[in-house]
Amino acid sequence: MKTPTEIEISLSALQHNFRFIRRLVKKNVKISSVVKGNAYGHGIEQYVPAAESCGINHFSVFSVDEASRVMKIKQPGTVIMIMGWIPADQLSWVIRNEIEFWIFDLNRLQLSLKEAIKQKKKARIHIELETGMNRTGLNVAEAEQVIDQLKAQPDTFELVGLCTHLAGAESIANHVRIHRQVKRFKIMVRLFQNHGFQPAMLHTASSAATITYPAFRFNMVRIGILQYGYWPSIETLIQYISQRKDKSDPLHRIIRWKSSIMALKQIKQGEFISYGTTYQAIENKTIAVIPAGYAQGYSRSLSNSGWVLIREQRLPIIGMINMNMLIADVTSIADAAIGDEVILIGEQGKLSISVASFSELSNQLNYELLSRLPAGITRSVLP
Ligand SMILES: *Cc1c(COP(=O)(O)O)cnc(C)c1O
C-alpha cells in the first residue's frame, strides 16, 4: 500500500553529486558513503544499490542493525564499515561477515581478537583516535595498550585504518580546534607507524572537512550529507563557491518528499484554523489539507513556519502541524484540486524546498529532519 507521503530518489541527481565529489577529491582518495540514519532518511534499501551503480563500493553505518540491512542488498565486493554501536554478542556476526568496524575501547578489541581466533578469521579493524572531539576514541595511553595487544596477537586482525572525527569542520569558528585535532592525529599515526603498523586507510574528514580542508582528506573521506545534495552548513557552501567563478550550487538534491492535497476548504475572515488559536485568517482563505503530520515525519516545529510547493508555487503552512495532517494556504491558486501534488522537500518546476530554507538557524535541521523520515514511507528510485 502507498503511504500518505512518498519519497522519490533521483538517480541522475545522485550521479551528478558523485561526479562532483569525485572531481573534488583526488583519484587515490577512497569515498566511503555514509548511510547511517537509514541513509539520512533516503532509505538504505533504495539508496545503497543506487550509490553502487554510481561506482561506490564502501559504506559507513553507525550500528550493526544498519550493517545487516546493507549486507542483505549489497554487491559482493562492497565493503561495510560500522563506526559505532555493536553489542558484544554480535561481534561474531560482524567478524564472520568481514565487516570493518571501529575500535574505541580495549574491551571491544580483546573480544574481537578472541572471536577472530575462534573463527580463524581476521578482525578488520579501524582504530579511532581521540584527538579532541571528546566523544569516542582512544587517547595516547590507550593507543599504546592497543599497540601492545595487537603486537601480542599478530595474526588475528587486519589494521585497515586509523581514524578520528573532527568536531565541527562546518564552522570557521572551530578552525583552531580542528587544526589541533589533525596535529594530534598525525602524532598518533606516527606512534603506530613507529611500531611497524602500516594501515591502508587514514581518515578524518566528513563532508565539511572534505570541502574546507583538502589536506585533511588523507586517503579516505566519509561523505554523508553532500552525496544527498545538501551542504553541512551555509559556511561550507560559501567557502566552496568563494573560490569559484560559477557561484551556483554544484549539488543536486536527490530526494523528493511529496504528498497530495487531501481536502480543500473555504475559510471566512476571522476564523481560527486548526488546533488552538495560533492562526487566524486575516481575509477569506482557501486552505488545503495535506496528509503529512509529525507521525509522517514532518516536524511539528514547522507549525506556522514551513512551506510547501503546489502547482509550482511556494505556499505557507498555517496553523499547527497535527499528527497526520498539515494545512497550507492555497488562496493564491485559483484552481487547486484534490490530488494535486504537494512537495514537502525537493523540487517542483523552478522552485525547490530544502529543509534548511525554513530556518536561518542552522543546517542541522537538514540532518535531523531527513534522518527522522519514517522508515515506513513508500520509497522509490527514479531515473
Ligand atoms: C555522520 C558521520 C560522517 C558524515 O558526516 P556528514 O557531515 O554527513 O558528511 C562522517 N564520519 C562520522 C564518524 C560520522 O558519524
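Quick caveat, the model's predicted, so the values are computed rather than measured. In listed order, ligands and their atoms are each counted from 1.
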Salt-bridge contact E52-K74 (side-chain N to carboxylate O under 4.0 Å) | no
From the list K186, R177, Q181, side chain to side chain donor-acceptor pair (under 3.5 Å) with T131 holds only for Q181
Would you mind telling me which of M81, K30, H165, R217 makes a side-chain contact (heavy atoms from CB on, under 4.5 Å) with H203?
-> M81
Donor-acceptor list for residues 1-11 side chains, cut-off 3.5 Å, not counting sequence neighbours:
from	atom 1	to	atom 2	distance (Å)
T3	OG1	T5	O	2.6
T3	OG1	T378	N	2.9
T3	OG1	T378	OG1	3.1
T5	OG1	W257	NE1	2.9
E8	OE1	R256	NH1	3.1
E8	OE2	K258	NZ	2.8
S10	OG	S12	OG	3.3
S10	OG	A13	N	3.0

With a 4.0 Å cut-off, would you call R69 and E66 a salt bridge?
-> no
Inventory of protein N or O atoms under 3.5 Å from ligand 1 N or O:
from	atom 1	to	atom 2	distance (Å)
ligand 1	7 (O)	Y367	OH	2.7
ligand 1	8 (O)	Y40	OH	2.5
ligand 1	8 (O)	I225	N	2.8
ligand 1	9 (O)	S207	N	2.8
ligand 1	9 (O)	S207	OG	2.5
ligand 1	9 (O)	G224	N	2.9
ligand 1	11 (N)	R222	NE	2.8
ligand 1	11 (N)	R222	NH2	3.4
ligand 1	15 (O)	K36	NZ	2.6

Describe, in one word, how the ring planes of F216 and H179 are oriented to each other, choosing from parallel (under 30°), tilted (30 to 60°) and perpendicular (over 60°).
-> perpendicular
